[in-house]
Structures are given as structure tokens and as C-alpha cells.
Amino acid sequence: MLKLLKTHFGFDQFRPLQEEIIREVMAGRDALVLMPTGGGKSLCFQLPALLLPGLTLVISPLISLMKDQVDALRANGVAAACINSTLSRGEIVKIQTEAQQGKIKILYAAPERLILPEFQHFLQKIKVSLLAIDESHCISEWGHDFRPDYLNLKILRDLFPGVPVLALTATATPQVREDIREQLALEQAKLFISSFNRHNLFYTVLPQREAYGQLLEILGEHRQEAAIIYCFSRKDTENLAADLRGEGFKALPYHAGLESEERRTNQESFIRDEVQIITATIAFGMGIDKPDVRLVIHYHLPKSLEGYYQETGRAGRDGLPSKCILFYSSADAVKQQYFIKQIEEATERKNAYRKLEQMVAYAELTHCRRQHLLAYFGEDYPREKCDGCDICLSPPQEFEATIVSQKIMSAIVRTGERFGMNHVIEVLLGSKNKNILERDHHRLSVYGIVDDFSKEDLRRIINQLVSRNLIDKRGEAYPVLALSQEGQDFLRTRQKICLPRPIAPAKLSPAREAVDREYDRELFEKLRVLRKQIADAQGVPPFVVFGDLSLRQMAAYLPQSEKSFARISGVGQEKLNKYGKVFTEVISTYAGEKNLPEKGVPLTGTEKSRRLKREGSTYQETKRLVLEKMSLEEMAGVRNLTARTILAHIEKLAAAGEEIDLAYLRPGAERFAKIKAAFQQAGGLALSPVKEMLGEDFSFEEIRIARLFI
Ligand code: ADP
Ligand code: ZN
């Protein structure tokens with residue numbers, strides 16, 4: 001299986017659960033797979049398809065996706081085809097004949113095909129080994145994307161008794177999950193759920209106040225990279241796209257109100273890297289599978305956290321670091337409340353409020369956003385901090401909030417616990433609003449007593465007090481604020497309280513570029529151009545030729561021989577044959593001009609693990625790299641471990657008296673002397689006091705290495 005994975009897909013290792021799922025399917029058993037977008041679901045049927053004797057039939061709802069997947073498979077040398085309404089009769093007949101002759105391994109079809117007698121007749125004449133149902137939540141009326149055509153799938157069970165069914169989806173609440181089981185007769189199927197944590201996505205929330213300026217700054221930093229910007233309305237998408245074009249960006253809008261032809265061409269331009277930015281309503285995204293979207297920006301507040309997770313999920317499918325940015329102001333929430341109020345049906349309206357509240361809670365979080373998102377899907381995030389969200393990277397500072405909290409709560413009491421947040425805030429800020437004057441609220445002792453916080457600040461503070469159960473929000477549309485029992489006690493006993501400072505949330509911090517090995521940007525650009533030329537000549541999207549990860553690795557290691565090129569992730573046998581020469585030529589020319597050496601492409605996962613087994617232990621592997629005189633970072637990269645772990649190995653090896661020469665890692669004389677002096681002053685071998693003394697200029701790693709010599 002690992003061999004096929006490399007030759008046909010160019011990958012060295014399975015992603016979590018892929019191998020287990022494939023084994024289940026190969027054993028002829030049904031399976032139900034829940035994996036987030038980008039988790040690697042397709043491989044779970046594409047790889048078995050290569051091993052199974054007959055054909056793998058894939059049901060997929062979106063014709064555009066089908067075509068991309070087939071293109072990608074063919075580029076990898078897999079005999080794949082699709083049958084859908086965009087093909088002529090002649091083309092369909094040709095594909096069907098090939099399928100009957102066993103020349104096709106993977107056949108994609110849309111669900112509406114299944115009821116056509118002609119298609120059923122065709123199916124009866126072919127040997128099917130596996131049925132894969134992509135986006136299988138579409139079968140459930142409980143889900144968000146019900147497609148009646150999916151009910152036709154029941155026919156497949158009758159047509160192919162005993163053939164294993166693999167149902168896959170990225171969205172399934174327990175209810176939808178049960179529905180899938182029932183509708184597809186999958187009661188016995190084993191359920192595979194992978195973590196919904198998208199470790200390469202960086203989550204951040206920025207204040208809406210300076211949204212446009214910040215947006216320009218962010219886009220400027222990501223000039224050649226694909227971005228989706230979600231907006232509230234169709235009009236917003238068009239205006240924003242026009243504004244961005246005015247600033248020199250390539251941007252196009254996408255929404256359900258556009259002519260289908262325009263929608264298609266805009267989407268196509270994005271997929272083919274001709275346009276970097278799409279401004280869209282939520283209508284965009286279902287039909288695209290672009291793996292290298294680096295930014296998903298919500299310019300306005302989304303309607304639900306679930307939707308937000310799905311939309312952000314379209315970033316970084318290829319596993320490279322990507323950013324998810326939400327612009328937020330509480331005014332945005334108020335605007336949405338206004339629209340929700342128009343919903344006539346009571347339960348629907350209530351649901352919409354609840355979802356909005358959850359979204360607001362996310363935007364105003366003061367703890368890890370990743371943890372919160374995962375908790376929303378019922379998953380425990382095992383760590384306190386994630387290092388991949390704005391809050392973990394720059395935790396909000398606390399401030400002594402006793403006085404302002406007392407003022408707020410007094411204002412709630414004095415106005416009779418009968419008013420909403422806006423009114424209470426206006427009283428506190430001393431507004432001359434008609435509502436206030438009419439009710440004589442300008443005569444209250446709490447009128448105008450806050451002058452050190454803005455309206456927005458007060459909103460955040462009140463929401464904090466609500467989340468700490470000191471204030472209750474009562475009622476749905478315009479909830480009234482009242483004190484809870486705890487709130488009353490708080491005031492009476494004059495308790496103290498600290499709250500996170502309601503300043504503008506942290507500025508956008510860079511995504512963890514650590515995973516993103518340093519690569520030569522200039523060469524990357526050249527390779528990108530080459531990729532685009534090849535893709536255009538073949539009429540496929542650029543990522544079908546090579547993904548960004550492959551290009552980055554090429555630009556990092558400069559492989560110039562066939563052998564080293566083959567080690568790049570994403571380079572399988574077919575692509576090696578087809579593109580190896582042109583790419584290594586460009587790399588060689590560049591390397592020659594700049595006089596840059598080829599760096600050893602790290603051993604692939606399979607080779608690496610074989611080697612590890614052969615040589616015994618993980619320490620020995622590190623030892624081998626030390627003997628090759630690799631730097632800490634290189635070792636960490638090659639071994640896919642942190643520098644800290646590598647250091648721990650080295651310390652163990654040294655302690656065990658292994659003969660390794662570490663001199664090359666030793667800091668320079670001057671720095672070493674400084675570190676040594678600090679250890680002497682601290683009077684021990686503990687790291688922290690020494691690090692404190694030495695400051696930012698010295699890293700923990702450097703100090704730890706020096707300690708070995710001391
Ligand atoms: P999903 O259908 O779950 O959204 P895909 O099947 O489209 O995800 O896979 C997402 C990306 O991950 C694709 O670019 C795919 O080539 C890549 N991928 C899948 N499996 C692996 C693997 N084992 N190693 C590296 N990349 C993988
Ligand atoms: Zn976090």
C-alpha cells in the first residue's frame with residue numbers, strides 16, 4: 001500500500017485513519033467516514049480502487065469537483081473518468097464501453113444518473129468492487145445540504161449486493177450520521193471519525209473598525225496567494241471586489257445572483273490561479289476543491305459557528321499554514337439581529353438567535369479559539385494552548401474591572417432591569433438619546449458616570465459579565481439585562497473582579513511558519529510560472545500538476561537529479577516521468593546562476609521508517625544525523641520532531657557516553673563565555689535563571705547545547 005501511495009500519489013505516509021479505512025474496505029466491509037475538509041477522504045477510495053479487481057464507482061454531487069478529481073487522478077496515471085450531463089452522448093458511450101472492457105478503475109457519476117434506465121442497464125454489465133458515496137450527508141433531510149437525488153442511492157444496494165459501501169462526509173451531526181446509516185443500510189458499518197482539528201490553520205479575530213486598511217495590509221503580504229473573502233451581501237461582494245481591483249489586486253465576486261456563465265468563469269479563473277481573490281457570499285466554496293487557498297477572510301460576521309468552521313475549512317487543504325481571519329464588531333451582530341427579527345417562523349427565529357450568540361461568543365473569546373471550535377463539535381482539545389490562534393499567541397491582558405463592573409450593574413438596577421444592552425450603555429455614557437430623556441434616565445445617579453471606556457468596550461465588558469453569570473440576558477430578540485443572584489451578591493459584598501482588557505484584539509500574528517521550511521521565493525516563483533504553463537497547455541488547474549507543498553520543497557532543496565526529485569512529496573512515478581525533466585532543468589539553471597548547492601531532500605517517510613527499524617532506536621537515528629553534522633533545525637526537519645526533542649536525544653546520547661562529536665554545534669567562543677559566566681553566577685545547571693539573565697539574545701537551545709560542554 002505504501003508503495004502504491006508513493007508511485008500513484010507521490011505521498012510517503014498515510015494521514016490519520018486513511019490506512020485503517022482502506023484496510024476495512026479491502027476486507028470487503030462497509031465503512032462510514034467523518035473527516036474534516038482537507039483530511040484526505042478521497043484517497044480512502046482512490047487507493048483501494050487501484051488494488052481491487054473491478055471498478056470503483058464514486059457518487060459525487062458536484063460536477064465541477066468531479067472533473068477536477070478526474071483530472072488529478074489522470075495526472076497521476078490512474079485510469080479515471082466521469083459521466084455527467086456535460087458530456088455528449090458519444091462521449092458517454094465511449095466511457096461506458098471502456099468501463100465494460102475493464103479499462104477504467106474509477107468512475108465518477110452524479111446521483112441523478114442512477115434512476116436513468118439506460119445507466120442502470122450499463123451498471124448491470126460492469127464489475128463493481130467498491131461503491132464510494134462522497135458528501136454522503138446530502139442524503140439526510142436533517143443536514144444543511146439535502147439533495148433529493150441522493151435518495152436514489154438505495155438503488156445501488158439492490159444492484160450490487162455484497163459490494164462494500166464507503167460513505168464519506170465532512171459534516172455530520174449525530175442525527176445526520178444516523179440518517180446516513182439508515183438510508184444507505186449501513187447499520188453494520190464501522191464508523192471512522194478523525195479529529196476535526198485543522199492544525200495548519202491559524203485563527204484570528206480583528207476589529208472591524210479598521211477592516212479595510214487591515215485587509216489591504218494582509219492581502220499585500222500574501223500577494224501571489226489565493227484568498228477567499230466572505231461578505232454579508234451580494235452587493236458587498238461586488239463593491240469589495242471593485243475596490244480591491246482599484247488597489248491593484250486581481251479580485252472577482254461570486255454569488256448566487258450572478259449569471260451562471262459569469263459564476264463559472266470567475267470560479268474557473270480562481271482555480272486556475274488567474275485571479276487571486278474571490279469575494280463571495282456563502283454560495284461559494286461548495287464547488288471548489290482548490291488545495292492552496294492561503295487565506296479565508298470573513299469580512300462580516302457569519303451566521304453560525306458551524307458555517308464558519310466549514311468556510312474556514314476551505315483554507316489550507318494541502319496542509320500548509322493558512323490563515324482564517326474574522327473581522328468583528330458588535331455592531332455587526334446588531335445588524336444581523338435586525339435581519340433575524342424579520343424571520344416569521346418562531347423556532348427558526350429562535351435558532352437563528354442562538355446561532356448568532358454562539359458566533360458572537362467565538363468572536364469575543366478570551367481563551368483558545370481552536371479549543372472552543374473543537375469543543376463546539378464535541379471534541380476535547382488536549383492542550384491548554386494551541387500556538388495557532390491570536391489568543392494563544394498574545395493572551396489578552398487582564399485589568400482591574402471592579403469599578404466599571406459596579407457601575408454597569410448599578411445602571412442595570414437603577415433602570416429597573418427592564419432594558420437591553422444598548423440602553424444601559426447609553427445611560428452610562430450620558431447619551432442625550434430621546435429614549436433616555438423621555439424616561440428621565442438622565443436624572444439617574446449613574447447617568448454619564450463612565451468616561452474611560454467606549455461603547456464597544458462596554459459591550460465587551462458586559463458580555464464578559466454575562467459569561468461569568470453575574471448578569472443575565474433575558475428574552476430573545478432584544479434581551480433585557482438583569483442581575484443574577486451572583487450579581488447581586490457581587491454588588492452587596494463589594495467583591496473584586498479582573499476581566500480581560502477590552503482593547504482591540506491582538507494584531508495579526510504570523511502563522512506558524514515553522515512547519516513551512518525556508519524556501520527560495522524567487523525559485524518558487526519560477527516554478528509557479530512553469531506549473532501554470534504546463535497546466536494551461538493541458539487544460540487543467542495548476543494544482544493538478546503539482547501542489548504548493550511540492551513546489552516549496554523543490555525551492556528548498558533544489559533537487560536536480562531524477563533520484564532526488566523523486567523524493568519530493570507529491571512526485572509519483574507518472575509525474576516523475578512527465579515533469580521530472582522540465583522541473584529539474586529550471587532548478588538546475590537557477591542553481592547554476594546563483595551558485596547554490598543541492599541540499600539533500602530528507603528521506604521519505606517510508607525509507608525513513610525502514611531505516612529506523614533497521615538501526616534500532618530513535619536515538620540512533622538522531623546520532624546518525626549528528627554524525628552527518630546537521631544543524632538542530634535540519635535534524636528537526638528531517639525527523640519531523642521539534643528541536644527540543646532532538647536536543648533531548650543528544651543529551652541522552654552524551655550522558656550514555658556515546659562517541660559523538662558535538663563540537664560543531666557549540667556556540668562561538670564569545671557567546672559560550674557569556675553563557676558559561678551566567679551558569680556560574682546562577683550557581684547550578686537549571687536553564688531558566690540563566691535564560692533570564694541572558695535575555696532574548698540567547699535561545700534555550702543554544703544555552704542547552706552550551707550546558708553540555710560546561
Ligand atoms: P477531503 O476530500 O477530505 O477534503 P482531499 O481528499 O481532497 O480531502 O485531500 C486533501 C489534500 O490532502 C489533497 O491535496 C490531497 O492530495 C492531500 N493528501 C491526501 N492524503 C495525503 C497523504 N497521505 N499525504 C499527503 N497528502 C495527502
Ligand atoms: Zn489557541
Side-chain angles (χ1 to χ4, degrees), residues 204-214 300-301 325-337 356-367 369 372 389-391 393-415 417 419-433 435-436 441-442 444-473 478-484 487 490-491 495-508:
T204 197
V205 176
L206 293 173
Q208 168 102 125
R209 229 173 307 149
E210 311 119 36
Y212 188 63
Q214 296 221 42
H300 300 117
L301 195 65
I325 298 163
L326 168 66
F327 283 104
Y328 170 75
S329 79
S330 50
D332 220 12
V334 173
K335 181 164 145 198
Q336 292 216 6
Q337 275 173 0
L356 180 62
E357 290 253 306
Q358 288 169 341
M359 201 56 233
V360 168
Y362 171 83
E364 295 187 355
L365 277 180
T366 51
H367 67 269
R369 296 196 201 276
H372 185 88
C389 77
D390 52 350
I391 296 185
L393 287 190
S394 58
Q397 290 174 338
E398 300 230 312
F399 76 111
E400 229 278 89
T402 310
I403 305 279
V404 66
S405 303
Q406 284 171 350
K407 287 178 179 173
I408 290 169
M409 289 158 84
S410 307
I412 292 173
V413 174
R414 292 292 152 80
T415 51
E417 301 186 293
F419 294 90
M421 175 138 36
N422 265 330
H423 190 86
V424 172
I425 291 176
E426 298 213 318
V427 169
L428 286 165
L429 292 176
S431 144
K432 300 206 165 51
N433 187 319
N435 282 328
I436 291 186
H441 283 170
H442 59 298
L444 296 174
S445 59
V446 290
Y447 181 75
I449 55 167
V450 170
D451 57 7
D452 44 354
F453 292 96
S454 70
K455 198 166 169 175
E456 182 78 21
D457 292 343
L458 287 174
R459 268 181 200 291
R460 284 175 181 267
I461 296 175
I462 292 176
N463 281 334
Q464 289 291 330
L465 295 172
V466 169
S467 69
R468 291 181 191 215
N469 295 324
L470 295 173
I471 297 177
D472 283 342
K473 268 186 179 173
Y478 287 109
V480 163
L481 300 184
L483 294 205
S484 65
F490 173 86
L491 270 191
Q495 290 166 27
K496 290 207 178 317
I497 189 169
C498 281
L499 293 176
R501 192 172 284 285
I503 44 160
K507 268 206 113 80
L508 182 68

What's the shortest heavy-atom distance between Ala411 and Val424, and which atoms?
-> CB-CG1, 4.1 Å

Considering only heavy atoms from C-beta outward, does the side chain of Asn463 approach that of Met421 to under 4.5 Å?
-> yes

For Asp332, all residues meeting salt bridge (charged side-chain N to carboxylate O under 4.0 Å, His left out), sequence neighbours excluded | none

Kindly check if the number of other-residue, nucleotide or ligand heavy atoms within 6.0 Å of CZ (Arg468) is above 12?
-> yes

Rounded distance [0.5 Å steps], NE2 in His423 versus CD1 in Ile436 | 5.0 Å

Compare all side-chain heavy atoms of Glu456 with those of Ser330 and state whether any distance is below 4.5 angstrom.
-> yes

Given side chains that start at C-beta, do those of Leu470 and Gln495 come closer than 4.5 Å, heavy atoms only?
-> no

Going by atom types only, do Glu400 and Thr402 share a side-chain donor-acceptor pair under 3.5 Å?
-> yes

Distance-minimising heavy-atom pair for Phe453 and Leu429 | O-CD2, 3.5 Å

Can you tell me if NZ on Lys407 sees more than 12 non-hydrogen neighbours from other groups inside 6.0 Å?
-> yes

Just wondering, do Lys473 and Glu357 contact through their side chains at under 4.5 Å, heavy atoms?
-> yes

Taking Glu417 for the side chain and Leu483 for the main chain, is one N or O donor matched with an acceptor at less than 3.5 Å?
-> yes

Would you name the heavy atoms of Gly430 and Tyr447 that are closest together and state the gap between them?
-> O-OH, 3.0 Å

Taking every non-hydrogen atom, the tightest pair across Ala363 and Leu326 = CB-CD2, 4.1 Å

Evaluate the side-chain proximity of Leu499 to Leu465: yes if any heavy-atom separation is below 4.5 Å, no if none is.
-> yes

Please report the closest heavy-atom contact between Ser405 and Ile497, naming both atoms and the distance.
-> OG-CG2, 3.6 Å

Output the distance between atom CD (Gln464) and atom CZ (Arg460), rounded to the nearest 0.5 Å.
-> 9.0 Å

Are any non-hydrogen side-chain atoms of Ile449 and Leu428 less than 4.5 angstrom apart?
-> yes

Is His372 close to His367 at the side-chain level, that is, under 4.5 Å between some pair of heavy atoms?
-> yes

Decide yes or no for Val413 and Met409: does some side-chain heavy atom of the first lie under 4.5 Å from some side-chain heavy atom of the second?
-> no

Out of curiosity, His442 NE2 to Ser431 OG, how far, rounded to the nearest 0.5 Å?
-> 11.0 Å

So CG of Leu206 and CG of Asp390: to nearest 0.5 Å the spacing works out to 7.5 Å

For the residue pair His441 and Phe419, does the interplanar ring angle fall in the parallel (under 30°), tilted (30 to 60°) or perpendicular (over 60°) class?
-> perpendicular

Which value, rounded to the nearest 0.5 Å, describes the distance between Glu426 atom CD and Lys432 atom NZ?
-> 12.0 Å

Between Leu356 and Ala333, which heavy-atom pair has the shortest distance, and what is it?
-> CD2-O, 3.7 Å

